[in-house]
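Inspection log for the structure reproduced underneath, given as structure tokens.
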Amino acid sequence: MNKDLRICFIGDSFVNGTGDETKLGWTGRVSAQLERDRDDLEVTHYNLGIRRNTSEDILNRWGEESTQRLKGDFEKLLVFSFGVNDTVIENGDQRVSKHQCLKNAHAILTPAASESRVLMIGPPPIADSEQNIRIKDLDVSLAQLCHSISVPYLSVVNELIHDPIWMREVASNDGAHPRSAGYAKLANLISAWDALECIARD
């Protein structure tokens, strides 16, 4: 009997896969790779990424949206990824301060981890060097927070900022989102992550 794994991917436009002409994003590719790697695994994939969502937006919606999809007797996994929109400057201010983003992340991840297995993917870089400084700073703090509450965290910003495919596609597209080859690069990083492989094996 196949293992029934149902995954909610919750986050922003990068979770949504915005910019990917194949409409797979990284979430579709990661889900497909999980099934390719395991003959006895059946993955149900829910993409709950919304463009422009900040940690505040995700805090307000993740519980109801995931509960509707994860009712039943099967393996459950919540994968969160957010932060880039929090670091955007609008009208002279950051949309969500780092302090508030970390409070939101704690308020999301702590109850989530009490109900399900949880993973967090860090925010990726964009084609704005000043914003990337803020993204890197937030990434370090999110990693520390996740470590403190025993939620596995995968930092991707430093890997992708030195990846010519990701950065070239982001710059040539809309300045924030890559096309399919960039998302494939991100999906490869996530698919090779030990924390995800452990969940697939268990």
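Since this is a predicted model, take the numbers as computed values, not measurements.
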Are any side-chain N or O atoms of Arg69 and backbone N or O atoms of Tyr46, one a donor and one an acceptor, separated by less than 3.5 Å? no
Look at the side-chain heavy atoms of Ile, Leu, Val, Met, Phe, Trp and Tyr, link any pair under 4.5 Å apart, and say whether Leu154 and Leu145 land in one connected group. no
For the side chain of Ser66 and the backbone of Gly63, is there at least one donor-acceptor N/O pair under 3.5 Å apart? yes
Shortest non-hydrogen contact from Tyr153 to Gly122? OH-CA, 3.1 Å
With rounding to the nearest 0.5 Å, note down the distance linking CG in Leu48 to CD1 in Ile7. 11.5 Å
What do you reckon, is CG of Asp39 surrounded by more than 12 foreign heavy atoms closer than 6.0 Å? no
A side-chain contact here means heavy atoms from C-beta on lying under 4.5 Å apart; do Pro123 and Val157 qualify? no
Exercise: identify the closest heavy-atom pair between Val88 and Gln131: CG2-NE2, 3.5 Å
Check: Asn53 and Phe82 side chains under 4.5 Å, non-hydrogen atoms: no
Arg95 versus Asp86: any side-chain heavy-atom pair under 4.5 Å? no
Do Ile50 and Arg61 have side chains that get closer than 4.5 Å, going by heavy atoms? yes
In the single-linkage hydrophobic clustering (I, L, V, M, F, W, Y; side-chain heavy atoms under 4.5 Å), do Tyr183 and Leu189 co-cluster? yes
Which heavy-atom pair separates Asp128 from Glu130 by the least distance, and what is that distance? OD1-N, 3.0 Å
Are more than 12 heavy atoms from other residues, nucleotides or ligands located less than 6.0 Å from atom CD of Glu159? no
Restricting to side-chain hydrogen bond (donor to acceptor under 3.5 Å, both in side chains), what partner residues turn up for Glu42, sequence neighbours left out? none
Do Val15 and Leu70 share a hydrophobic cluster, counting only Ile, Leu, Val, Met, Phe, Trp and Tyr and linking them when any side-chain heavy atoms are less than 4.5 Å apart? no
In the structure I gave you, are the side-chain heavy atoms of Phe14 and Ile121 within less than 4.5 Å of one another anywhere? no
Is the closest side-chain heavy-atom distance between Phe9 and Leu78 below 4.5 Å? no
Give, for atom NZ of Lys23 and atom CG of Asn16, the distance between the pair rounded to the nearest 0.5 Å. 8.5 Å
About how many Å separate NZ of Lys185 and OG of Ser180, when rounded to the nearest 0.5 Å? 12.5 Å
Shortest non-hydrogen contact from Ala113 to Val151? CB-CG2, 4.3 Å
Yes or no on side chain to side chain contact (heavy atoms under 4.5 Å, CB included) for Arg117 and Leu119, after CA distance, side-chain angles and deciding distance? CA-CA 7 Å; Arg117 303 184 82 166; Leu119 300 175; over 6 Å; no
Could you give the distance from OG (Ser81) to CD1 (Ile10), rounded to the nearest 0.5 Å? 11.0 Å
Euclidean distance, Phe80 CZ relative to Leu142 CG, rounded to 0.5 Å: 12.5 Å
Quick check: is Trp62 connected to Leu102 through a chain of hydrophobic side chains (ILVMFWY, heavy atoms under 4.5 Å apart)? yes
Between atom CD of Glu169 and atom CG of Asp163, what is the distance when rounded to the nearest 0.5 Å? 9.5 Å
Any side-chain heavy-atom pair from Arg29 and Ser191 closer than 4.5 angstrom? no
Determine, using the 4.5 Å side-chain heavy-atom cutoff (strictly less than), whether Val79 and Val30 are members of one ILVMFWY cluster. yes
Identify the heavy atoms of Gly182 and Pro178 that sit nearest to each other, and give their distance. CA-CB, 3.8 Å
Walk me through it: do Leu160 and Met167 pass the test side chain to side chain contact (heavy atoms under 4.5 Å, CB included)? CA-CA 7 Å; Leu160 292 176; Met167 295 305 293; 5.8 Å; no
Return each pair, listed once, that meets salt bridge (Lys or Arg N to Asp or Glu O under 4.0 Å) where at least one residue sits in residues 131-145; pairs must be two or more places apart or across chains. Lys98-Asp137
Please check if the number of heavy atoms outside Glu64 that lie under 6.0 Å from its CD is greater than 12. no
Does a side chain donor of either Gln100 or Asn104 reach within less than 3.5 Å of an acceptor in the other side chain? yes
Below 4.5 Å, heavy atoms only, C-beta onward: do Asn47 and His45 meet side chain to side chain? yes
Nearest non-hydrogen partners of Val84 and Thr87, listed with the distance: O-OG1, 2.7 Å
Determine, stepwise, if the pair Thr54 / Asp57 fulfils side chain to side chain donor-acceptor pair (under 3.5 Å). CA-CA 5 Å; Thr54 65; Asp57 299 313; 3.2 Å; yes
Atom CD of Glu90 with >12 non-hydrogen neighbours under 6.0 angstrom: yes
Ser116 (side chain) donor-acceptor with Lys76 (main chain) under 3.5 angstrom: yes
